[in-house]
2 protein chains.
Amino acid sequence: MSDLTGRLRRESRKITGPRAAILEILHAHPHPLTSREILAALPKDHCDLATVYRSMHLLETMGMVKRYHFHDGAARFELVGEGDDGHHHHLVCVNCSGVVEIAECFPDEIQKRIAQKNGYKNVTHKLEFFGTCPDCQR
Amino acid sequence: MSDLTGRLRRESRKITGPRAAILEILHAHPHPLTSREILAALPKDHCDLATVYRSMHLLETMGMVKRYHFHDGAARFELVGEGDDGHHHHLVCVNCSGVVEIAECFPDEIQKRIAQKNGYKNVTHKLEFFGTCPDCQR
DNA sequence: TTCTTAATTGCAAATCGTTTGCATTTACAA
DNA sequence: TTGTAAATGCAAACGATTTGCAATTAAGAA
């Protein structure tokens with residue numbers, strides 16, 4: 001957390017009330033959250049949706065937040081963990097929308113081959129798994 | 001194509017002018033298309049955006065069309081090929097949104113392991129690659 | 001062919017998620 | 001303490017998608 005505010009200060013961004021609160025919410029919920037979920041989790045709801053979006057945009061460009069799109073169109077935001085670059089995937093329950101973080105990743109050799117074969121540069125991927133979680137299997 | 005109209009008739013859906021035209025467009029462009037791109041490709045522009053969306057919804061529930069979400073929020077629609085179930089992935093240019101269809105898929109053994117490890121059933125995945133296409137590399 | 005009816009369409013208005021303009025407030029360095 | 005750029009709230013703007021409704025049309029029945 002404190003390194004987050006340090007990071008902000010270093011880029012001459014201000015540590016404001018709303019912004020600090022948003023960071024706490026993200027830190028307390030290690031899952032991708034929609035803008036509305038973030039707003040709802042904020043203490044006295046004393047922060048505008050526009051501010052949530054502006055914060056997400058700022059934090060995303062600073063590499064401190066990642067944006068995901070699951071089955072519905074809505075964007076979801078998740079804090080990038082300590083040290084790592086935040087690249088990981090999710091297993092989402094199609095019934096209850098429960099999310100599990102997944103360690104496995106798409107094999108790098110295959111991705112390299114795909115990039116090379118098609119002449120694309122800086123190739124990355126987005127990968128999500130969908131299924132029915134243990135609870136929802138009845 | 002003809003099996004598509006047969007399929008529609010069998011479910012007592014009508015083969016109307018707009019609908020037939022939309023199917024032709026999808027057939028002629030084996031890429032995921034946005035609603036606007038479909039509309040723009042229609043002959044005399046004699047079809048409403050709402051009709052495009054309603055058609056996509058119908059065809060999707062009939063399993064004749066698949067819906068994708070790439071980096072931008074916009075939905076893109078693609079006709080499911082003959083016989084196959086339409087499962088495949090895409091390599092998308094982050095600059096011009098050009099799309100290449102990808103034959104490679106996420107290794108099934110790893111997916112099985114993920115499903116088992118987490119107790120999920122009927123696990124599938126969505127996988128998209130992003131990068132800069134040859135043209136956009138200057 | 002004509003009739004009947006449910007399916008489909010166009011149009012406009014409504015909705016949803018997200019962004020932006022602007023005047024006001026605020027963090028923080030000098 | 002003060003000056004200034006950054007950040008905020010609010011409302012309006014936006015783009016994608018959906019929906020209500022009255023008018024149109026495909027396709028089977030008569």
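Model, not experiment: these values are computed from the prediction. Here is how names work: the chains are called A, B, and so on, in the same order as the sequence lines, proteins then strands, and each is numbered from 1. Just the heavy atoms: all of them, side chains too, but no hydrogens, waters or symmetry mates, feed the values below.
- Between Glu60(A) and Arg67(A) a salt bridge is recorded (basic side-chain N to carboxylate O distance below 4.0 Å).
- Note on Ser12(B): every side-chain N or O is 4.0 Å or more away from OP1 and OP2 of dA6(C).
- In this structure, the CZ atom of Arg36(A) is 9 Å from the P atom of dC16(C), given to the nearest Å.
- Comparing the axis of the opening five pairs of the helix from dT1(C)-dA30(D) to dA13(C)-dT18(D) with that of the closing five pairs yields an angle of 30°, rounded to 10°.
- The phosphate of dA29(C) (OP1 or OP2) has no side-chain N or O of Arg9(A) nearer than 4.0 angstrom.
- No side-chain donor-acceptor contact under 3.5 Å links His29(A) and His27(A).
- No close placement of the Phe77(B) and Tyr68(B) rings is indicated, their centers lying 6.0 Å or farther apart.
- Within the 4.0 angstrom heavy-atom criterion, no nucleotide atom of any strand lies near His69(B).
- Close approach of DNA chain D to chain A, defined as any atom under 4.0 Å from a non-hydrogen atom of the protein, starts and stops at dA5(D) to dC10(D).
- Residues passing the salt bridge (Lys or Arg N to Asp or Glu O under 4.0 Å) test with Arg54(B): none are found, sequence neighbours excluded.
- Within 6.0 Å of NE2 on His87(B) lie more than 12 heavy atoms contributed by other residues, nucleotides or ligands.
- Put simply, CZ on Arg19(B) is 8 Å from C1' on dA7(C), counting in whole angstrom units.
- As a whole-Å value, the separation of Glu37(A) CD from dC16(C) P is 16 Å.
- Classification of Arg7(A) and Asp3(A) as a salt-bridged pair fails, no side-chain N sitting under 4.0 Å from a carboxylate O.
- We find that CZ of Phe77(A) is positioned 12 Å from P of dG17(C), with the value rounded to whole Å.
- For the residue pair His69(A)/Glu128(B), the side-chain donor-acceptor check at 3.5 Å is not satisfied.
- For the residue pair Glu101(B) and His90(B), no side-chain donor N or O sits within less than 3.5 Å of a side-chain acceptor on the partner.
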Treating primed atoms plus P, OP1 and OP2 as sugar-phosphate and everything else as base, which nucleotides of nucleotides 19-26 of chain C get B, S or - for protein heavy atoms under 4.0 Å?
BBB----B

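- In this structure, the side-chain contact (heavy atoms from CB on, under 4.5 Å) partners of Val80(A), at least two apart in sequence or on a different chain, are Lys66(A), Asp84(A).
- When heavy atoms are screened at a 4.0 angstrom cut-off, Thr34(B) is found touching no nucleic acid atom at all.
- Rounded to whole angstrom, the span from the CG atom of Leu8(A) across to the C1' atom of dA29(C) amounts to 17 Å.
- Applying the side-chain hydrogen bond (donor to acceptor under 3.5 Å, both in side chains) criterion to Arg19(A), with sequence neighbours excluded, gives no partner residue.
- No side-chain donor-acceptor contact under 3.5 Å links His89(B) and Glu104(B).
- Leu58(A) has its CG atom 17 Å from the C1' atom of dT18(C), to the nearest Å.
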